[in-house]
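What follows is a set of notes on a single structure, which appears directly below.
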Amino acid sequence: MSKNLVIVESPAKAKTIEGYLGKDFTVKSSFGHIRDLASNKLSIDIENNFSPDYQVSPDKKKVIDDLKKSVKSAEVVWLATDEDREGEAISWHLQEVLNLKPESTKRIVFSEITKSAIHRAIESPRSLDVHLVNAQQARRVLDRLVGFELSPVLWKKVRPSLSAGRVQSVAVRIIVEREREIEAFKKESFFRISAELDSGKGKLKAEYAQKVSNIGQARKVVEESGGKPFIVEALEKKPAKRTPSAPFTTSTLQQEAGRKLGFSVAQTMQVAQRLYESGRITYMRTDSTNLSETALVAAKQQIVNSFGNDYSQLRNFATKTKGAQEAHEAIRPTDFSAEKITGEKNEQRLYELIWKRAIASQMSDARLERTTIDFLPSGTSHKYVAKGEVILFDGFLKVYLESTDDEAAEDEQKDMLPPVSKGQSLDMTALTATERFSQAPSRYSEPSLVKVLEELGIGRPSTYAPTISTIQKRGYVVKENREGAKRDYRVLVYQKTGIKETVKSENHGAEKGKLFPTDIGIVVTDFLVANFRTILDYNFTATVEKEFDDIAMGNLEWTAMLTKFYKPFHANVEETTETSGRASGERILGTDPKTGKPVSARIGRFGPMIQIGAQDDDDKRFARLRSDQSITNISLEEALDLFKLPRSLGEFENLEVSVGTGRFGPYVRHGKAFVSIPKSAGEDPMTITFDRAVELIVSKRDAAEKALILEFSEEPTLFVLEGRYGPYIKFGKDNFKIPRGQDAATLTLVQIREIMAASVPSSKKRKR
DNA sequence: CAGTGAGCGAGCTTCCGCTTGACTT
């Protein structure tokens with residue numbers, strides 16, 4: 001055993017560093033935090049100065065045992081966890097749990113994994129920063145207090161098992177408020193007038209310089225401009241430049257991988273993790289845009305070799321994110337000379353993106369020439385403008401161009417314009433006025449939500465992906481595609497014989513992979529905003545971060561900060577628990593014409609529902625909403641339709657066939673067996689036919705039988721197993737829950753067959 | 001889960017941030 005033990009957070013990092021240090025050093029990893037508040041209780045003694053009760057995390061027991069052994073045989077232990085609040089706390093926990101003696105323990109930090117940085121760190125050790133550790137404790141305790149006091153309020157006032165927290169609740173609020181903006185948006189139409197001109201040497205497009213808000217005015221402009229020669233009034237050429245973006249941070253990587261590769265936030269992180277573990281890229285959870293000296297030299301060499309000296313320009317990018325802690329480098333390739341790698345397809349694609357972005361960040365600006373030409377149709381004062389762009393020197397554009405979320409900006413493609421001179425007259429070959437509409441704000445995708453969170457300083461690189469997943473798991477938000485709607489727009493085309501008006505139709509408002517708030521998400525957000533405004537405030541995190549900084553500087557006692565926060569917060573929790581009513585999002589839809597009773601929509605114990613009759617009505621009736629409906633916008637008619645369900649369609653094999661709508665959407669039922677009506681088919685329980693229902697039942701049964709037949713060909717194999725949630729049948733990739741009351745140990749093949757035929761395999765179930 | 005919205009009510013749910021494998025409902 002060597003004399004020195006170095007402990008870092010990540011095992012991949014440990015491996016790299018061990019290579020940089022000599023034989024006298026053993027490098028081990030803590031695998032992140034080793035100790036935390038117990039997960040099933042508050043674990044904070046509020047009376048006793050918020051004293052936290054830390055426990056070694058169950059999955060870290062082995063890690064600790066292993067580290068303890070290494071400590072025994074080491075003379076010096078070097079705590080080399082990350083240089084930030086959490087890293088400092090991990091070192092402190094290690095010191096406590098491993099019983100490290102101050103005289104033989106050293107704390108070292110480095111923000112890049114290069115040989116020189118590691119050696120520099122070893123030469124200048126420091127001691128643990130107690131203030132920084134306390135700032136982390138304040139952060140941890142505050143988050144636990146907020147989460148574990150707010151969530152139970154929701155259990156009482158809305159629904160059990162819901163959750164609230166400093167980060168997730170604000171994330172949901174962002175989605176809910178955007179949806180409200182979209183609902184409140186009133187579109188306006190205007191006309192875009194565009195002329196096609198011919199200079200004799202080439203064609204170009206010029207747009208009428210003003211927005212025209214009504215068709216009468218558009219008609220007038222087209223009438224007066226049409227058929228006339230277009231005279232060049234002014235001609236301007238301006239030099240311009242474009243500058244490359246900074247190398248990737250976690251957030252920008254998630255955004256670009258989403259736009260360019262179509263990855264979800266979680267997928268990006270998974271693929272990046274594999275690249276990191278195989279030593280292809282630097283650490284992927286970072287908020288820094290900084291590159292190490294070593295990296296800059298390597299990037300420059302690669303650029304000069306591939307493109308020549310003119311293309312190289314070293315740059316530093318200041319990190320502009322609020323609260324960035326910059327414990328790591330930006331995300332970059334570890335070897336700049338590897339433009340491509342071998343391996344799995346998605347790993348290759350993500351790697352290339354990272355390589356290009358990092359290389360481009362150290363390349364020269366692109367130099368452009370922008371041309372603007374103003375035209376006036378002869379004898380009029382209607383100004384038309386043509387814009388063009390020529391790349392004089394491509395610079396970083398040779399490698400990489402960042403994409404954007406703004407679709408309108410991407411439409412506006414600028415090309416080279418044919419040469420013209422002032423006073424020149426061009427032929428008008430076409431002239432049209434097209435009706436356009438102002439755009440509602442767009443819904444958030446996973447990465448664009450991450451972007452906003454980062455801008456607000458909410459959450460950290462390691463939590464963006466889990467947060468996005470949590471708010472979906474809790475049912476606050478769903479990621480969905482929505483079909484667009486048809487809308488008509490008017491077009492005026494200039495013709496010699498007069499102006500021809502036509503109506504065309506286009507699809508608009510289609511959404512792919514966007515985040516939509518659910519009824520629960522909306523009700524919970526409204527409740528929290530109404531009662532816990534401070535926590536839900538977009539600036540709450542920024543405010544407490546400032547205080548954490550004060551603690552870290554030694555200017556504020558961490559327990560004093562918590563006392564000041566907790567007293568009013570807790571009083572607020574108590575008061576809300578006592579005085580606030582249930583939050584159900586209740587909405588009165590109108591009166592049932594048949595009975596004259598009131599019809600209302602709200603969140604019930606089992607989810608969104610419709611009720612006919614007042615609360616005190618003994619004959620009140622209930623119906624559950626379909627999963628594609630919402631209490632916030634369901635109409636009286638749609639609500640009343642739900643009471644026509646479930647309804648019987650007829651008999652098949654002596655069993656009743658009926659349709660209805662359950663908690664997970666519309667279903668067809670055959671005796672005891674249920675089949676979900678597939679969403680994609682555009683069928684709903686009100687319109688489905690008996691024949692189609694039977695088809696669904698039979699096809700599901702066939703699938704189950706086919707699966708069983710396959711079982712006899714040994715592939716896939718069939719198991720009866722005991723899982724975390726009880727006994728289940730494993731059949732290839734599909735798992736089937738064994739109903740309560742059946743003894744898993746004595747099941748016969750016939751019984752297994754029945755269970756499989758009567759239930760949907762878990763892999764096909766919608767995830768909750 | 002699916003014909004129901006609570007009455008009696010045990011015991012449970014829940015936070016954010018740092019890391020990977022173990023395990024897969």
Side-chain angles (χ1 to χ4, degrees), chain A residues 8-13 29-37 39-43 57 59-60 63 81-82 84-87 89-90 93 136 139-155 159-169 273 276-277 283 285 327 458-464 466-467 470 474 541 584 602-607 609-611 615 620-624 645-646 658-669 672-676 721-730 733-738 759-763 765-768:
Chain A
V8 295
E9 293 180 35
S10 151
K13 205 184 204 179
S29 151
S30 76
F31 292 79
H33 270 295
I34 51 154
R35 238 179 22 165
D36 192 12
L37 305 168
S39 63
N40 57 351
K41 48 179 196 272
L42 187 65
S43 305
S57 315
D59 56 333
K60 296 297 161 57
V63 175
T81 53
D82 292 352
D84 57 19
R85 206 161 59 201
E86 300 295 328
I90 292 174
H93 283 300
Q136 192 275 345
R139 199 281 304 155
R140 180 67 190 94
V141 170
L142 180 129
D143 280 336
R144 173 52 70 88
L145 289 171
V146 169
F148 275 42
E149 292 218 359
L150 280 192
S151 300
V153 180
L154 295 180
W155 304 344
R159 251 177 91 166
S161 304
L162 294 175
S163 65
R166 172 176 62 82
V167 172
Q168 60 169 277
S169 296
Q273 175 87 29
Y276 168 67
E277 283 170 9
Y283 197 56
R285 291 185 275 263
I458 298 173
R460 305 277 313 133
S462 67
T463 60
Y464 294 139
T467 299
T470 298
R474 298 271 175 276
T541 290
S584 67
R602 68 183 163 92
I603 305 270
R605 268 218 315 183
F606 303 128
M609 61 175 277
I610 302 292
Q611 177 173 326
Q615 252 349 306
K620 58 179 183 274
R621 296 173 61 211
F622 308 99
R624 182 171 282 153
L645 294 175
S658 61
V659 295
T661 173
R663 252 223 282 183
F664 297 108
Y667 64 88
V668 169
R669 173 183 171 143
K672 278 186 175 173
F674 289 86
V675 190
S676 302
L721 297 165
E722 183 69 26
R724 222 173 0 136
Y725 308 114
Y728 67 100
I729 298 162
K730 184 176 183 65
K733 277 186 185 167
D734 287 330
N735 296 303
F736 300 81
K737 193 182 161 78
I738 297 173
S759 66
V760 183
S762 50
S763 67
K765 272 188 189 170
R766 282 189 50 193
K767 295 210 171 85
R768 287 202 60 200

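Order of the sequence lines fixes the chain letters, A, B, ..., with proteins taken first and strands second; residue numbering starts at 1 for each chain.
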Under the 3.5 Å Watson-Crick or G-U criterion, the dot-bracket string of DNA chain B, with | for inter-strand pairs
.........................
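Mapping A:I610 and A:R166 onto DNA chain B by nearest heavy atom places A:I610 at the nucleotide closer to the 5' end. Mapping A:R85 and A:S10 onto DNA chain B by nearest heavy atom places A:R85 at the nucleotide closer to the 5' end.
Within the structure, a side-chain polar atom (N or O) of A:Y283 is placed less than 4.0 Å from OP1 or OP2 of B:dT19. A:S151 has no side-chain polar atom (N or O) that falls below the 4.0 Å cut-off from OP1 or OP2 of B:dT13. For B:dT19, neither phosphate oxygen OP1 nor OP2 lies less than 4.0 angstrom from any side-chain nitrogen or oxygen of A:R35. Distances shown here put every side-chain N or O of A:Q136 at or beyond 4.0 Å from the OP1 or OP2 atom of B:dG17. Listed pair A:R624 / B:dA2 fails the phosphate criterion, with no side-chain N or O lying under 4.0 Å from OP1 or OP2. Considering only side-chain N and O atoms, A:Q611 lies nowhere under 4.0 angstrom from the phosphate OP1 or OP2 of B:dG5.
A distance cut-off of 5.5 Å between ring centres, combined with a plane angle under 30°, places A:F148 in a stacking arrangement with the base of B:dT14. For A:F31 and B:dC18, the ring-to-base geometry does not satisfy the stacking test (centroid distance below 5.5 Å, interplanar angle below 30°).
Between the side chains of A:R669 and A:Y667, no donor N or O sits under 3.5 Å from an acceptor N or O. A side-chain donor from one of A:S163 and A:R474 sits under 3.5 Å from a side-chain acceptor of the other. Between the side chains of A:T541 and A:R166, at least one donor N or O lies within less than 3.5 Å of an accepting N or O. One side chain, A:Q611 or A:R602, offers a donor N or O that lies under 3.5 Å from an acceptor on the other.
Nucleotides B:dT25 and B:dT14, compared at atom P, are 16 Å apart to the nearest Å. Rounded to a whole angstrom, the distance from the P atom of B:dA2 to that of B:dA6 is 15 Å. Annotation: B:dG9 and B:dT13 have their C1' atoms spaced 16 Å apart (nearest Å). Nucleotides B:dC16 and B:dG5 have their P atoms positioned 33 Å apart, rounded to a whole Å. Taking atom P on both B:dC18 and B:dA22, the two are 24 Å apart, rounded to the nearest angstrom. Spacing between B:dC8 and B:dC12 at atom P, rounded to whole Å, works out to 23 Å.
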With side-chain contact (heavy atoms from CB on, under 4.5 Å) as the test, would you mind laying out the steps for A:E86 and A:R139 before giving the verdict?
CA-CA 10 Å; A:E86 300 295 328; A:R139 199 281 304 155; 3.0 Å; yes
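No donor-acceptor contact under 3.5 Å links the side chain of A:S163 to the base of B:dT14. Judged by distance alone, with hydrogens and angles left aside, A:R140 brings a side-chain donor or acceptor within reach of the base of B:dC15, the pair sitting under 3.5 Å. The base of B:dC18 does not come close enough to the side chain of A:R285 for any donor and acceptor atom to sit less than 3.5 Å apart.
The pair A:K13-A:D82 meets the salt-bridge criterion, since a charged nitrogen lies less than 4.0 angstrom from a carboxylate oxygen.
For the pair A:R474 CZ and B:dT13 P, the computed distance is 11 Å after rounding to whole Å. Summarising the geometry, the separation between CD on A:E9 and P on B:dG17 is reported as 14 Å, rounded to the nearest angstrom. In this structure, CD of A:E277 is placed 6 Å from P of B:dG21, rounded to the nearest angstrom. Distance, A:K13 NZ to B:dC18 P: 12 Å, rounded to whole Å. Counting to the nearest Å, the C1' atom of B:dT4 and the CZ atom of A:R669 are 13 Å from each other. With rounding to whole Å, A:D84 atom CG is found 9 Å from B:dC18 atom C1'. Rounded to an integer number of Å, the gap from CG of A:L150 to C1' of B:dC16 is 14 Å. Atom CZ in A:R144 sits about 11 Å away from atom P in B:dC16, given to the nearest Å.
A:S39 comes within 4.0 angstrom of a base, heavy atoms only. Heavy atoms of A:P152 sit under 4.0 angstrom from at least one base atom. A:L154 comes within 4.0 angstrom of no nucleic acid atom, judged by non-hydrogen atoms across all strands.
For A:T463, the listed nucleotide lying nearest its side chain is B:dG17; candidates were B:dG17, B:dC16, B:dT19.
Nearest approach of A:L162 to A:S151, heavy atoms of both residues: O-CB, 3.8 Å.
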